[in-house]
Asks: 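Let me give you the structure first, and then I'll get to my questions.
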Amino acid sequence: MQIPAAVAPPSSVVHHQLSLFSSSETIKEAKQLHCLSLKTATFNLSSVSSRLLSLYTSSPINDLLYARSVFDTIQSPSLPLWNMMIKCYVENHRSHDAIRLFSDLLSEFSPDNFTLPCVFKGCSRLCAVKEGEQIHGVSIKLGFALDKFVQSSLVSLYSKSGLLDRARKVFDKMSDRDLVTWNSLIDGYARSGDVENAEKMFDEIPERDSYSWTSLLHGFSKSGKLEAARDVFEKMPTKNLVSWNAMINGYMRAGDFESACELFKNMPERNLITWNSVMAGFEVNGRFDEALGMFLRMLKEEDGFKPNNATFTSLISAVAASAILSRARWIHGYMVKNGIGTDGVIGTLLIEMYSKCGSIESATSVFESIRRKKLGHWNSVIVGLGMHGKADEALELFKEMVESGVKPNAVAFVGLLNACSHVGYVEEARSYFDLMVREYGVEREIEHYGCLVDALCRTGQLQEAKTMIEKMPVRPNKVIWMSLLRGAKKSVDVEIGEYAAHRLVDLAPESYVPLSNLYAAAGKWERVSEVREMMKKKGIKKEAGWSLIEREGVIHRFIVGDRSHRETEEIYVKMKEMREKLREAGHVADTRQVLLRIEEEKDKEAELELHSERLAIAYGLISSKSKNGKSPIRVVKNLTVCNDCHSVTKLLSRIYQRDIIVRDNSRFHHFRDGSCSCNDFW
DNA sequence: TTAGGGTTAG
């Protein structure tokens, strides 16, 4: 709506305001000028509103909301204003909206040589190379085939999309190349891993600025050629923050933390990307505590750094992997306080984090709070429910998803089949295995076969599982052989177990452990010794078991027979009490899965009784009694729960009337009042 | 009178 000015502002006022525009560069100043222009009624002058839009859309301000509000009040904006607005959307990572605006523009104007580069950049951000090609055709028809900026943005689009031949074709046709064009192409070769061509172009370049050096450096570091990257880094005439970051990121990705930290320590300045690179590097290399530690350090050391989606992507994954619920709640709380939204991939990761940290309730509530639910959100919650043994809910949500018009993909079916296999729903698994192809047109991948095989194995249908593996059209991987071997161990079927183990050992040396467990369960102690000899010879160690439990922010970790804890005395008193109560409840130890051959049954029992999860549960029972006797005991374990511990934990949940939630290496067990959510299939 | 293309995290 335009408000007519009562009195035309004097030209001296307008002149003064325009001069203020050129000296402004902060959002605060922009807003002040915005107010001033409204108060003095200069806003309706196109010279003023145009300058204001330019200010809002240019760096470093780039404020999309204010820009759009100005744009919307201008009647019939000129082509440059449309161009600014499109660029602002692209710069704010809203390229879909930028393209939408571009198609609106087409009904008013013909795009010019300023419009097209922005649109190509948007296409490149969206990986929309087909659309880019179409608009490339349009730009030729409109006579912009030889415009330097149009050509340069096309080189960039094709480079980033990996179409180096096409990029090169445009590049070769250019009569007026500048550094930007060269850099686009060098970067294209570098990011596609063609370091040779990147280097060749770099050598041919008439003049180098820091972009070219950094692109080459990035190419080397991305392809893992860190010495070559370091060489470029040392040789470049002026290093900037971007080159430091690229180098640090290369080292972090390669797991060379020492070199990365050395650079991190010595660099002249840091930005958010520096910190994010380090956090992501720790996270992908499995050093979750350090990733979290860097985040805390950043908050402490860097005043005014506002963590963004990239920060949280690494951080949420790190917390999910650590499986500590209090950390999950803390990071989520931090995000809520700081206005980080849950749509898109962040929502997906949050759901996954809560599931992996043992609170499927919080995972579900995050899912429910997301207004525009995308496929990723549905998949994440379905996978989570499966992990927690809630197959009925997973199946129900799947139906809701389909009814809401979201088309399931391969991942959705992995989640669904996995949920079925975890509770032993073989018939449901079969039916969805069939339906996914017949009704939804989703191609079966090895994971889908894996889930069905697993469901068959968990329910003891080993022969059928074996036949299925032999008939399936894809080559079985180690996960599938491992399912069969685990199933054989559970059903104590030595023949099928050996069959699986023989096919497995080449793919996965750690498979000797379940084989040895199988022999132990079958009482074939000579075979156990043979396998253990073999493991020794090949240098394969059985991963030591541990369990952890968190209390008031502190992680307490136990190994078998642990006596190192500060409250060891109390823990062992509790263990004794547990033992007596279990005996009263009629528990008889299941000693079949004791790996070592111990002659006396009594000793076998003693070994079982000191399993790390029992120590953790004992600690949970004594440490949380005074605070809140009703909160569940949450234990994280690195290995699969053994038969005996599983039945013991069921009994303990009844005896002490406490929910006990155990995460093992593949799923969750919710123990309550004497039974477990896995229905004893695991 | 206002506008465009190239480097690092995800």
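These numbers come from a predicted model, not from an experiment. We name chains A, B, ... by the order of the sequence lines, and we start the count at 1 in each one.
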Asks: Select base, sugar-phosphate, or nothing to describe what A/Thr181 touches, counting heavy atoms under 4.0 Å on all strands.
Replies: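 If one applies the 4.0 Å heavy-atom cut-off, A/Thr181 turns out to touch a base.
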Asks: Is any side-chain nitrogen or oxygen of A/His218 closer than 4.0 Å to OP1 or OP2 of B/dT8?
Replies: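 Checking B/dT8 against A/His218, a side-chain N or O does come within under 4.0 Å of OP1 or OP2.
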Asks: Using only side-chain N and O atoms of A/Asn83, determine if any of them is under 4.0 Å from OP1 or OP2 of B/dG4.
Replies: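 For B/dG4, neither OP1 nor OP2 has a side-chain N or O of A/Asn83 closer than 4.0 Å.
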Asks: According to a strict under-4.0 Å criterion, is A/Lys121 in side-chain N/O contact with OP1 or OP2 of B/dG6?
Replies: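 The answer is yes; a side-chain N or O of A/Lys121 sits under 4.0 Å from OP1 or OP2.
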Asks: Can you tell me if the side-chain N/O atoms of A/Ser54 get under 4.0 Å from OP1 or OP2 in B/dA3?
Replies: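 Result: yes.
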Asks: Nearest whole angstrom, please: distance from the C1' of B/dT1 to the OH of A/Tyr56.
Replies: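 Rounding to the nearest Å, OH of A/Tyr56 and C1' of B/dT1 are 19 Å apart.
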Asks: Has the side chain of A/Asn308 got a donor or acceptor that lies under 3.5 Å from a partner of the other kind on the base of B/dA9?
Replies: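 Per atom types, the contact qualifies.
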Asks: Quick one: label A/Arg191 by what it contacts on the DNA or RNA (base, sugar-phosphate, nothing), any heavy atom closer than 4.0 Å.
Replies: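 The residue A/Arg191 makes sugar-phosphate contact but no base contact.
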Asks: Is a donor-acceptor contact shorter than 3.5 angstrom present between the side chain of A/Ser153 and the base of B/dG5?
Replies: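 Absent.
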Asks: Give a yes/no answer on whether the side chain of A/Lys87 brings an N or O atom under 4.0 Å of OP1 or OP2 in B/dG4.
Replies: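 For A/Lys87, the contact criterion (side-chain N or O under 4.0 Å from OP1 or OP2 of B/dG4) is met.
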Asks: Identify whether any heavy atom of A/Asn309 sits under 4.0 Å from a base atom; if not, whether one sits that close to sugar-phosphate; answer base, sugar-phosphate or nothing.
Replies: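 The answer is nothing, as A/Asn309 stays clear of every strand by at least 4.0 Å.
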Asks: So, A/Tyr211 and B/dG6: ring centres less than 5.5 Å apart, planes less than 30° off, yes or no?
Replies: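 A stacking contact exists, since A/Tyr211 sits close and nearly parallel to the base ring of B/dG6.
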Asks: When only distance counts, do a donor and an acceptor, one from the side chain of A/Ser50 and one from the base of B/dT2, lie under 3.5 Å apart?
Replies: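 Such a pair exists between side chain and base.
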Asks: Under 3.5 Å, is there any donor-acceptor pair linking the side chain of A/Asp112 to the base of B/dG4?
Replies: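 Side chain to base: no pair present.
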Asks: If only side-chain N and O atoms of A/Arg51 are considered, is one of them under 4.0 Å from the OP1 or OP2 phosphate oxygen of B/dT1?
Replies: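 Indeed not, no polar side-chain atom of A/Arg51 lies that close.
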Asks: Please examine the side chains of A/Phe144 and A/Ile140, heavy atoms only from C-beta on, and report whether any two atoms are closer than 4.5 Å.
Replies: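 They are not in side-chain contact.
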Asks: Answer yes or no: side-chain N or O of A/Asp178 and base N or O of B/dG6 forming a donor-acceptor pair under 3.5 Å.
Replies: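 No.
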Asks: Any donor-acceptor pair under 3.5 Å between the side chain of A/Asn183 and the base of B/dG5?
Replies: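 No.
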Asks: Find out whether A/Phe257 and A/Tyr251 are in side-chain contact, i.e. whether some heavy atom of one side chain is under 4.5 Å from a heavy atom of the other.
Replies: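 The answer is no; the side chains never approach within 4.5 Å.
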Asks: Pick base, sugar-phosphate or nothing for A/Lys239, based on heavy-atom distances below 4.0 Å to the nucleic acid.
Replies: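 If one applies the 4.0 Å heavy-atom cut-off, A/Lys239 turns out to touch nothing in the nucleic acid.
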Asks: Of the nucleotides B/dG6, B/dT7, B/dT2, which one has an atom closest to the side chain of A/Leu81?
Replies: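 Within the option list, the nearest is B/dT2.
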